[in-house]
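Small disclaimer: the values here were computed from a predicted structure and weren't measured.
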Amino acid sequence: MKNILVISTSLRAHSNSEALADEFARGAAEARHKVEKITLRDKDIHFCKGCLACQKTQRCIINDDAPAIVEKMHDADVIVFASPIYYYDMSGQMKTLLDRANPLYSSDYHFRDIYMLTSAAEDELTTSERAVMGLTGWIDCFEKVRLAGTVFAGGVNDPGEIKNHPALTEAYELGKNIKL
């Protein structure tokens with residue numbers, strides 16, 4: 001059984017990217033993994049100050065919701081990020097969380113596999129490339145970690161518009177096929 005952390009970065013309730021996160025989580029839970037989903041919707045997450053104190057202490061000095069999330073990231077075997085695509089990139093709140101995850105860099109983190117689930121109004125297959133590239137840049141800082149899979153749902157804008165989109169099945173199957 002793997003410890004899987006799913007992080008929904010959309011600030012919109014019933015968002016399309018969160019629907020992807022829910023389907024991934026459902027598939028992983030059915031495959032008997034331990035799954036926890038966190039949404040950033042009501043979290044207080046400030047920008048990184050670049051002080052690098054976290055490199056010595058493995059803990060951020062900013063007192064907000066990020067350190068608790070980063071601790072859960074540290075302990076997870078698998079991390080799944082779900083993000084809407086804003087201007088052909090990941091959401092700003094996802095990028096802010098990645099920056100605030102700097103304490104992980106010098107730690108003995110557990111995670112090895114990272115997944116990215118994205119949705120956008122634009123439906124071209126290349127729409128999510130920059131977001132995936134941004135996440136890959138973060139992943140490249142962790143020598144034991146890899147991007148294990150991505151799912152993109154294009155052509156969805158309004159909340160719930162993703163209903164019956166084939167990407168929901170893809171996200172579910174990706175979660176269900178994580179090896180024990």
Task: CG (N63) with more than 12 external heavy atoms under 6.0 Å - done: no
Open item on the list: Treating H33 as the side-chain partner and V35 as the backbone partner, does any N or O pair qualify as donor plus acceptor under 3.5 Å?
Closed with: no
TODO: Check whether any side-chain heavy atom of Y86 lies under 4.5 Å from a side-chain heavy atom of M94, and answer yes or no.
DONE: no
Task: Other residues, nucleotides, ligands: >12 heavy atoms within 6.0 Å of R41 CZ - done: yes
Task: Nearest-0.5 Å distance, CD1 of residue I62 to SG of residue C54 - done: 9.0 Å
- [ ] State plainly whether one hydrophobic cluster holds both L147 and M73, where clusters connect Ile, Leu, Val, Met, Phe, Trp and Tyr through side-chain heavy atoms under 4.5 angstrom apart.
- [x] yes
Open item on the list: Salt bridge check, R26 against D22: does any charged N sit closer than 4.0 Å to a carboxylate O?
Closed with: no
Task: H46 atom NE2, neighbour heavy-atom count above 12 within 6.0 Å - done: yes
Open item on the list: Can you confirm whether the side chains of S83 and T118 place a donor and an acceptor under 3.5 Å from each other?
Closed with: no
- [ ] Assess whether atom CD of Q58 is packed by more than 12 heavy atoms of other residues, nucleotides or ligands within 6.0 Å.
- [x] yes
TODO: Find the distance between CG (L20) and CG (L117) and round it off to the nearest 0.5 Å.
DONE: 5.5 Å
Open item on the list: Rounded at 0.5 Å granularity, tell me how far CG in L98 sits from SG in C48.
Closed with: 11.5 Å
- [ ] Indicate the atoms forming the closest heavy-atom contact of F152 with A120, along with that distance.
- [x] CE1-CB, 3.8 Å
Task: Those residues that, when tested against F47, pass ring-ring contact (aromatic ring centres under 6.0 Å, His included) (two or more places apart) - done: none
Open item on the list: So that I can tick it off, tell me whether K95 and D89 are bridged by a salt bridge, with the cut-off set at under 4.0 angstrom between side-chain N and carboxylate O.
Closed with: no
Task: Under 3.5 Å side-chain donor-acceptor pair for Y172 and E30 - done: yes
TODO: May I ask you to decide whether K144 forms a salt bridge with D108, counting only side-chain N to carboxylate O separations under 4.0 Å?
DONE: yes
- [ ] Kindly indicate whether the side chain of V78, heavy atoms from C-beta on, has any atom under 4.5 Å from the side chain of N3.
- [x] no
Open item on the list: Hydrophobic cluster membership, with links at side-chain heavy-atom distances under 4.5 Å among I/L/V/M/F/W/Y: are F24 and V132 in one?
Closed with: no
Task: Heavy-atom closest pair, residues V145 and I114 - done: CG1-CG1, 3.4 Å
- [ ] Give a yes or no on whether the backbone of L104 and the side-chain of S107 come within a donor-acceptor separation of less than 3.5 Å.
- [x] yes
- [ ] Before accepting this row, confirm whether a basic side-chain N of the pair K37/E18 lies closer than 4.0 Å to the acidic partner's carboxylate O.
- [x] yes
- [ ] For L11 and L40, work out which heavy atoms get closest and say how close.
- [x] CD2-O, 3.7 Å
Task: is_close_aromatic(Y115, F81), centroid dist under 6.0 Å - done: no
Open item on the list: Test side-chain contact (heavy atoms from CB on, under 4.5 Å) on I178 and K2; report intermediate values, then the result.
Closed with: CA-CA 8 Å; I178 293 176; K2 292 197 175 176; 4.0 Å; yes
- [ ] Give the cluster check for I4 versus F142: same hydrophobic cluster or not, with ILVMFWY residues linked at side-chain heavy-atom distances below 4.5 Å.
- [x] no
TODO: Determine whether I162 and V80 fall in the same hydrophobic cluster, where Ile, Leu, Val, Met, Phe, Trp and Tyr are linked whenever their side-chain heavy atoms lie under 4.5 Å apart.
DONE: yes
Task: Co-membership, hydrophobic cluster, residues I139 and L97, 4.5 Å side-chain - done: yes
Task: Residues D77, R112: salt bridge by 4.0 Å N-O rule - done: no
Task: S17 side-chain N/O to S119 backbone N/O, donor-acceptor pair under 3.5 Å - done: no
Task: Student check: side-chain heavy atoms of E23 and E170 closer than 4.5 Å - done: no
